[in-house]
Amino acid sequence: MGRLVLISNRVADLSKASQAGGMAVALADTLRTRGGLWLGWSGKIGERRDEQRSDPDFTKFGNATVATLPLSAREHEAYYIGYSNNVLWPVFHDRLDIAQFEAGYYQRYLEVNKRFARALHPLLRPDDSIWVHDYHMIPLGMELRALGVTNPIGFFLHIPVPPAQTFLAIPEHRELARGLAAYDLIGLQTKVDVGNLIDYLQDGVFGRILQDGRIRAFDRELSIAAFPVAIDVDAFVDSRPKHTAKKLSTTRILGVDRLDYTKGLPQKFRAFSRFLEKYPDYHGKVLLSQIAPPTRETVTAYADIRHELETLSGRINGRFGELDWVPIQYIHRSTPRKLLVDVYRNSRVGFVTPLRDGMNLVAKEYVAAQDPDDPGVLILSRFAGAAEQLQEALIVNPYDIEEMADALKKALDMDLTERRERHEALLSDIRRNDTYAWCRSFLDSLESTSRSAPLAIPTSPSEAARRALQEIEMARVAPRARHQ
Ligand code: ADQ
């Protein structure tokens, strides 16, 4: 078994990764055990001349090395803020209406990926397994192939894949598809995402499903499968007795989300307001605590959602609040993880309402942190990837305010026996499929996929383009059945 090489927009701090509780723990552990390298952006915004840099800064942590590169200000603007967060993020979350296609960010997005590929290429060894993460880095595998890299390369997308018709609206969808086809294995969060990507590859770029289940596109054969991202369960269970939050006189309903327009926060506030309107007996007895740390504040859509939430929470508190009771506690800050675990544990309801979400780790963290003898109830949007797995939660449609208000009532009234049964089923699933299992299963699949599939590497990028066009032309002449 060779080294593991990870590439993602940001790298984890390997000296602290064990406290993170998410996938960083498993990735950091695997890096330490197998030895390896993690390449990403340093988080620094440097000079224009940094655009020429392909010599990363290195930090060693035992067997593992972290390599980072700065971005120039215009790279940050176009690659990170622009194409990644103003095009791919909204489109992949079904928000074509706010995607900034016309801004011409793609070229620099591609160039940053080329620079990262150039930086990585001389550091690679023949037996390395390469694992690229997330939407910032879609073309990276293709750029490595263009440099002659034949190692197994896998890609994991943390966000959802939109339906084919939405994907097709991206002006550069064909270029992105060609980038995806350079991988040996694409890991997605859910089966719905797998279906969406396969539909798109068939409809958009005439991909074909082969007899062994792999997909042929752009003259390459690749596997696409679901690997639902998981948590380090013990990081939430073990730390519970150590911190005891102040006992609340009211029953807490909890929301924990980055302040993002995909997380359904206005819908959550409106549902809580409707609940208070419909069930006045609960006045003075329940509290919605919403922890929503800021992210991507330079993106306009994020400033808009912040303003909307501040207005909504003010209006609801003004309408229902009393001198001794404020119904919504809205905290626009990051919270130390240990405190977060305590708050999870001391909340009767975990209220998770995204309009679209790759997975949603908060839902899993909330379940893991509950006291099994007296657990709280998870209310979960059907549009979070986690809903495919966490069926014993109260599953809701975040667009249906009435249904969510009633789910709050049901969760608050649920008897202990039902709460325990639901929690036990949820926890055993989360335990069985933890972050270590996730990491192992992706890497095992990557290594076996690339063993069973000799790489069909095009001789040069222009040759690849020629063959892709030929395939498209042939498909136009003789259109294939959609699902073969
Ligand atoms: P996110 O959109 O960030 O992740 P999520 O999966 O919920 O969403 O993860 C958020 C993480 O941040 C959780 O671990 C949570 O504990 C932490 N967090 C949230 N609020 C916090 C606060 N105030 N203080 C401290 N920590 C806080 C993206 C995708 C998801 C996918 C993940 C992982 O959008 O769909 O589940 O990646 O693949």
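Along the sequence shown, residues carry numbers from 1. When a ligand or atom number is given, it counts from 1 through the structure's own listing order. What you see is a predicted model; the values in this text were computed from it and never measured.
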Output a table of donor-acceptor pairs, distance under 3.5 Å, between side-chain atoms of residues 309-316 and any protein atom two or more places apart or on a different chain; print 'none' if there are none.
| from | atom 1 | to | atom 2 | distance (Å) |
| --- | --- | --- | --- | --- |
| Glu310 | OE2 | Arg306 | NE | 3.1 |
| Thr311 | OG1 | His307 | O | 2.8 |
| Ser313 | OG | Leu309 | O | 3.0 |
| Ser313 | OG | Glu310 | O | 3.3 |

Can you list the atoms of ligand 1 that are under 4.0 Å from a heavy atom of [X]?
X: Val362; result: 7 (O), 15 (C)
X: Thr335; result: 22 (C), 23 (N), 24 (N), 25 (C)
X: Arg258; result: 1 (P), 2 (O), 3 (O)
X: Lys263; result: 1 (P), 2 (O), 8 (O)
X: Ile291; result: 23 (N)
X: Glu365; result: 13 (C), 14 (O), 15 (C), 16 (O)
X: Gln189; result: 31 (C), 38 (O)
X: Val256; result: 19 (C), 20 (N), 21 (C)

Below 4.0 Å, non-hydrogen atoms only: which portion of [X] touches ligand 1? Side chain, backbone, both or neither.
X: Trp89; value: side chain
X: Tyr344; value: side chain
X: Leu361; value: both
X: Val229; value: side chain
X: Arg333; value: backbone
X: Leu340; value: side chain

Quiz item: Mind checking whether His133 and His158 have parallel, tilted or perpendicular rings, split at 30° and 60°?
Solution: tilted
Quiz item: Please walk me through it: do Glu172 and Tyr83 pass side chain to side chain donor-acceptor pair (under 3.5 Å)?
Solution: CA-CA 11 Å; Glu172 303 81 15; Tyr83 204 72; 2.7 Å; yes
I need the minimum non-hydrogen distance between [X] and [Y], along with the two atoms involved.
X: Leu185; Y: Leu446; value: CD2-N, 3.5 Å
X: Pro228; Y: Trp438; value: O-CD1, 3.2 Å
X: Lys263; Y: Asn360; value: NZ-ND2, 4.2 Å
X: Ile138; Y: Phe155; value: CG1-CZ, 3.7 Å

Flag [X] as yes when one of its N or O atoms lies below 3.5 Å from any N or O atom of ligand 1, and as no otherwise.
X: Gly358; answer: yes
X: Asn360; answer: yes
X: Phe156; answer: no

Quiz prompt | Centroid separation Phe156 to Phe227 less than 6.0 Å | solution = no
Self-check item: Option passing side-chain contact (heavy atoms from CB on, under 4.5 Å) with His423 (candidates Glu418, Gln370, Glu392)
Solution: Gln370
Self-check item: Those residues that, when tested against Glu424, pass salt bridge (Lys or Arg N to Asp or Glu O under 4.0 Å) (two or more places apart)
Solution: none
Self-check item: CA sep, side-chain torsions, deciding dist, call: Asp257, Gln290, side chain to side chain donor-acceptor pair (under 3.5 Å)
Solution: CA-CA 8 Å; Asp257 310 82; Gln290 177 62 52; 2.9 Å; yes
